[in-house]
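Excluded from the calculations below are hydrogen atoms, water molecules and symmetry mates; all remaining heavy atoms, backbone and side chain alike, are included.
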Amino acid sequence: MSPTTNAEAPTMLQVIRHGEGGHVVELALDRPEAMNAISTAFAEEIAAVTAELAADPSVRAVVVTSTHSKAFCVGADLKERNSFTDADLMRQRPITQGAYGGVLNLPVPAFAAVEGFALGGGLEIALSCDVIIAGEGALVGLPEVSVGVIPGGGGTQLLTRRIGWSRAAKAIFTAAKLPAPEAHELGIIDELVTPGSARDRALELATTVAGHSPIGVRNAKRAMRLGTDVDLQTGLQVEDACWRATAFSADRAEGVAAFAEKRTPNWPGEDGVQRNPAPGT
């Protein structure tokens, strides 16, 4: 099925549905004249669209891409910020937090397809996704300290969680801009592909994910996110709650039936009727 573009998509963010049922959603950053620099208006659009996707039960995976061949996103719009007063910057802060948080809090798996520059807020958008696929020619980094700020879109937290304290410290404190192969070796990038193929690879992975139980995938992500920074026993309790939410769903019944009948599952997904768990199960 050919991808279809939402005719009402915001001017700086293309929303494209892929595959039968449109369960894979591509969010294409589309402010090419500024290499997708994140202005206040752009941040508002990202926050609004990701909120809509988070509330849409038909969405099973999201892929963040760019329409610019040489840039995923170069970060904050410093030309806009150059005219800001301190009060302006404070007013903008919750808006930009909403954009990064909107990507980070998607309840379905999110893939970043990075080609070209992914710097500052651009890398933070990618880090807010679950998996980063990058072309070999990409250049990534969090150079904020070189312009008098710090990574404020989750970078200090997400990069440290991805690659550990010392590696993240070196990257952030030196404002390093890392070629994709080096970033892949450090663990910033999850998969390295030939230049120009990151989008195709990310869509391929997202399509695979979209073929699995929607309830199962959402609950697996929820368990992983909520259990990451707690002690093991608490994490296992989180996992158990997510297991119960999945095991007594219509998806589980359909998955078992499809396996037994040797056919492709027809997932009820979030619209399926939940069955009450048996006491003590």
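- Between the side chain of Asp30 and the backbone N or O of Met12, no donor-acceptor pair lies under 3.5 Å.
- For the pair Gly155 and Ile172, the tightest heavy-atom approach, listed with the atom from each and the gap, is O-CD1, 4.3 Å.
- Residues Cys73 and Ile38 form a side-chain contact, since some pair of their non-hydrogen atoms from C-beta on lies under 4.5 Å apart.
- Rounding to the nearest 0.5 Å places CG of Asp231 at 8.0 Å from CD of Gln237.
- The number of heavy-atom neighbours closer than 6.0 Å to NZ of Lys177, taken from other residues, nucleotides and ligands shown, is 12 or below.
- Remark: side-chain polar atoms of His23 are paired, donor with acceptor, to backbone N or O of Ser58 under 3.5 angstrom.
- For the pair Glu254 (side chain) and Pro265 (backbone), a donor-acceptor distance under 3.5 Å is absent.
- The shortest side-chain heavy-atom distance between Asp229 and Arg161 falls under the 4.5 Å cut-off.
- Residues Val24 and Val62 fall into different hydrophobic clusters, defined by Ile, Leu, Val, Met, Phe, Trp and Tyr side chains chained together at heavy-atom separations under 4.5 Å.
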>> Please evaluate residues His18 and Leu203 with respect to the criterion side chain to side chain contact (heavy atoms under 4.5 Å, CB included), reporting the C-alpha separation (whole Å), side-chain torsions for both, the decisive distance (0.1 Å), and the verdict.
In response: CA-CA 9 Å; His18 291 269; Leu203 287 170; 3.9 Å; yes
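- Glu239 is not listed as a side-chain neighbour of Met224, based on a closest heavy-atom distance of 4.5 Å or more.
- Of the possible polar contacts, one joining the Trp267 side chain to the Gly211 backbone as a donor-acceptor pair under 3.5 Å is found.
- Of the candidates Gln97, Glu80, Glu44, Gln92 forms a side chain to side chain donor-acceptor pair (under 3.5 Å) with just one, namely Glu80.
- The two atoms that bring Ala202 and Phe111 nearest to each other are CB-CB, 4.2 Å, heavy atoms only.
- Just one residue in the list Ile189, Leu205, Val114 forms a side-chain contact (heavy atoms from CB on, under 4.5 Å) with Ile133, and that residue is Leu205.
- Using a cut-off of 4.0 Å between Lys/Arg side-chain N and Asp/Glu carboxylate O, Arg244 and Asp240 are scored as salt-bridged.
- Within a 6.0 Å sphere centred on CZ of Arg222, other residues, nucleotides and ligands contribute 12 heavy atoms or fewer.
- For Phe72 against Val64, the heavy-atom pair with the smallest separation is CE1-O, 3.6 Å.
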Got a list of side-chain donor-acceptor pairs under 3.5 Å for residues 98-108, not counting sequence neighbours?
residue : atom : partner : partner atom : Å
Asn105  : ND2  : Gly101  : O            : 3.0

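- Remark: Phe42 CZ is packed, more than 12 non-hydrogen atoms of other residues, nucleotides or ligands lying under 6.0 Å away.
- Under the 4.5 Å side-chain criterion, counting only non-hydrogen atoms from C-beta, Glu45 is in contact with Thr11.
- Side-chain atoms of Glu124 come within 3.5 Å of backbone N or O of Gly152 as a donor-acceptor pair.
- Rounding to the nearest 0.5 Å gives a distance of 8.5 Å between CD1 of Ile46 and CG of Leu27.
- Arg31 and Thr67 are not linked by any side-chain donor-acceptor pair at a separation below 3.5 angstrom, with hydrogens and angles left out of the test.
- Each of Ile163 and Ile150 belongs to its own hydrophobic cluster when Ile, Leu, Val, Met, Phe, Trp and Tyr are linked at side-chain heavy-atom distances under 4.5 angstrom.
- Between the side chain of Ser66 and the backbone N or O of Ala71, at least one donor-acceptor pair lies under 3.5 Å.
- Under 4.0 Å is where a charged nitrogen must lie from a carboxylate oxygen, and between Arg17 and Asp56 at least one such pair does.
- Listed for the Thr208 side chain is a donor-acceptor partner under 3.5 Å among the backbone atoms of Glu204.
- Cluster annotation: Ile188 is not connected to Val131 through the hydrophobic network of ILVMFWY side chains, with a link wherever side-chain heavy atoms come within less than 4.5 Å.
- Of all non-hydrogen atoms in Cys129 and Ala110, the two that sit nearest each other are CB-O, 3.4 Å.
- Of the residues His184, Arg162, Glu191, the one that meets the side-chain contact (heavy atoms from CB on, under 4.5 Å) test with Ile132 is Arg162.
- Between the CG atom of Leu123 and the CG atom of Leu119 there is a distance of 8.0 Å, given to the nearest 0.5 Å.
- Each of Leu142 and Trp165 belongs to its own hydrophobic cluster when Ile, Leu, Val, Met, Phe, Trp and Tyr are linked at side-chain heavy-atom distances under 4.5 angstrom.
- Judged by distance alone, the side chains of Thr194 and Glu136 never bring a donor and an acceptor atom under 3.5 Å apart.
- Within the 4.5 Å cutoff, the side chain of Leu29 has no heavy atoms near those of the Thr65 side chain.
- With values rounded to the nearest 0.5 angstrom, Leu178 atom CG is found 11.0 Å from Glu185 atom CD.
- With rounding to the nearest 0.5 angstrom, the NZ atom of Lys70 is 14.5 Å from the CG atom of Asn36.
- Across every non-hydrogen atom of Asp251 and Pro268, the tightest pair is OD1-CD, 3.1 Å.
- The minimum heavy-atom distance linking Glu115 with Ser69 is given by the pair CB-O, 4.2 Å.
- Atom OG of Ser249 is separated from atom CD1 of Ile215 by 4.0 Å, given to the nearest 0.5 angstrom.
- Put simply, the side chain of Ser197 never gets that close to the backbone of Val193: no donor and acceptor are under 3.5 Å apart.
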> Does the pair Arg81 and Asp88 meet the rule for a salt bridge (charged side-chain N to carboxylate O under 4.0 Å, His left out), with working shown?
Replying inline: CA-CA 9 Å; Arg81 285 195 181 178; Asp88 292 331; over 6 Å; no
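- Thr234 places no side-chain N or O within donor-acceptor distance of the main-chain N or O of Val230, the cut-off being under 3.5 Å.
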